[in-house]
Amino acid sequence: MKLTKQYPVEDAFIDINSINEGVLGTIGTTPLVKLNHVFKDAKFQLFGKLEMFNPGGSIKDRSAFNIIKNAIFRGDIQANSTIIESSSGNLGIGLAQTCAFLGLRFICVVDPKTTKQNINILKAYGAEVDLVTKPDPITGDFLPVRIDRVKFLLSSIPNSFWCNQYANVNNASAHHQTMHEIVTSLNGKLDYLFCSTSSCGTLRGCAEYIRSNNLSTKIIAVDAKGSVIFGDKRAKRLLPGHGAARVPELFQPGLEDAYIHVSDLECVVGCRHLLRWEAILAGGSSGGVISAIAKKRADIPEGATCAAILCDRGERYLDTVYSDSWVEKHFGTLNVTLLN
């Protein structure tokens, strides 16, 4: 794909003094709401962390801003730098937002599974979209090809910076604040945290906060069936942004107290269940988290306090998770009452 530079170098700017102002200053401090209806007669309390309230629509706004901000402070990014990342959606959108505010050129490497809506959002922010079209011949996955493309762009574009979400510790450290917000809102009482996994930034950041503050909170990691993070056999996955085709560098054994695998269908059921009973239109991984809680429900002690991180907006899944025709094509008739 031919790349067209959106921002001339002479128009680029980075004002470090105002980096925490404007729209970027609204990232974080998202609502934590009690979910009273999603599980009938539950003997535990469940709260949802609504990360779709971030300005770019997902929890990845936190990671994107933290990665770019710290790279600027280190001197790795200057006003004429080109930011490059591989993303299927949310992190790319978060980076596009941050780069647009700071006047930085951004190239997002995507694959055919990236939705048309996400590509349009990236372009609206001024990002350049670089599409890889053929999967890796060995694994059949697009991620290795996307990473190879990123490395090629890095070698061919002077003063370029790779965010590398799967290995960048500033992805994880952004979620020390996420965890702090949850624990503070609950006055320090949190028995279980359910969070989905992909780059493992959220998982690692929350685990680091729990351990550094000597909390007794148990983390239940929710991974996609067909993802290799917790040793499952690699398989085709329909929903982007949940699970991974390779184990991320950020992952460390033991970050989680337990893990639960959920299928694409279980993500769909969980999403529609959450919408039906709580009027929360959330993305695919959030449905996976809800289905994982349903699986774990019998093991959660009476009176326990649980939190679920709901990562992104459901509007980006209207053509998939919330489309009856798409669901019927892939799974047949859907019964959304399965969780109660």
Side-chain angles (χ1 to χ4, degrees), residues 28 30-33 35 38 44-54 58-63 66 90-91 94 165-166 171-186 190-213 215-225 227 229-230 232 239-244 247-248 250-262 266-267 270-271 274 280 282-297 299-300 304-313:
T30 53
L32 184 75
V33 300
L35 305 179
V38 70
F44 54 87
Q45 293 188 97
L46 177 60
F47 295 83
K49 184 66 165 165
L50 305 185
E51 288 298 297
M52 65 281 291
F53 275 70
N54 284 302
S58 84
I59 194 170
K60 294 291 189 177
D61 288 6
R62 297 179 186 259
S63 298
N66 204 47
N90 285 331
L91 184 75
Q165 62 170 313
Y166 290 95
N171 175 2
S173 66
H175 301 294
H176 297 175
Q177 177 62 27
T178 309
M179 195 68 211
H180 177 74
E181 291 172 17
I182 295 171
V183 172
T184 302
S185 295
L186 296 173
L190 178 63
D191 298 298
Y192 292 90
L193 175 74
F194 290 81
C195 70
S196 63
T197 57
S198 180
S199 69
C200 290
T202 306
L203 172 64
R204 178 160 167 177
C206 290
E208 288 174 346
Y209 182 91
I210 288 169
R211 290 169 184 174
S212 65
N213 288 275
L215 302 179
S216 60
T217 305
K218 296 184 182 300
I219 295 184
I220 312 301
V222 182
D223 196 21
K225 286 184 178 179
S227 164
I229 296 173
F230 295 101
D232 198 21
L239 299 177
H242 185 208
V247 179
L250 286 177
F251 176 77
Q252 295 174 337
L255 290 172
E256 79 295 344
D257 293 280
Y259 63 84
I260 297 174
H261 282 111
V262 292
E266 287 170 325
C267 290
C271 280
L274 183 66
I280 296 173
S285 67
S286 297
V289 168
I290 295 300
S291 285
I293 297 171
K295 290 184 175 186
K296 184 74 173 175
R297 180 177 177 177
D299 299 325
I300 299 175
T305 300
C306 307
I309 297 179
L310 308 179
C311 288
D312 63 350
R313 295 174 182 163

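Scope of the values below: all heavy atoms of this structure, side chains included, with no hydrogens, waters or symmetry mates. Here, residue 1 is the first one in the sequence, and each next residue gets the next number.
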request  = Take the angle between the ring planes of F230 and Y259 and call it parallel below 30°, perpendicular above 60°, tilted in between.
outcome  =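 Plane angle under 30°, so parallel.
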
Q. Has the side chain of D312 got a donor or acceptor atom that lies under 3.5 Å from a matching backbone atom of M52?
A. no

Q) Out of I220, I182, L203, which residue meets the side chain to side chain contact (heavy atoms under 4.5 Å, CB included) rule with L193? A)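 The residue from I220, I182, L203 that satisfies side chain to side chain contact (heavy atoms under 4.5 Å, CB included) with L193 turns out to be I182.
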
If you round to the nearest 0.5 Å, how far is [atom2] of [Y] from [atom1] of [X]?
X    : Y    : atom1 : atom2 : result
S58  : L310 : OG    : CG    : 12.5 Å
E181 : T30  : CD    : OG1   : 5.0 Å
K295 : H261 : NZ    : NE2   : 9.5 Å
L255 : C200 : CG    : SG    : 7.5 Å
N90  : S198 : CG    : OG    : 9.5 Å
C195 : E51  : SG    : CD    : 11.5 Å

Quick check: closest heavy atoms across [X] and [Y], and the distance to 0.1 Å?
X    : Y    : answer
C267 : L239 : CB-CD1, 3.6 Å
I229 : P248 : CG1-CD, 4.0 Å
L32  : S185 : CD2-CB, 3.7 Å

With a 4.5 Å limit on heavy-atom distance, are the side chains of [X] and [Y] in contact?
X    : Y    : result
V289 : I309 : no
K49  : I59  : no
S285 : V222 : no
L35  : I280 : yes
H180 : N213 : no
V38  : I290 : yes
L215 : Y209 : yes
F44  : I293 : yes

Looking only at side-chain N and O atoms, does H242 offer a donor or acceptor that is under 3.5 Å from a partner on S227?
no

(request) Indicate whether any N or O donor in one side chain lies under 3.5 Å from an N or O acceptor in the other, for N66 and S173. (result)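 Present: a donor and an acceptor within the cut-off.
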
**Asked** Taking atom NZ of K218 as the centre, does the number of heavy atoms from other residues, nucleotides or ligands within less than 6.0 Å exceed 12?
**Response**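 It does not: K218 NZ has 12 such atoms or fewer within range.
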
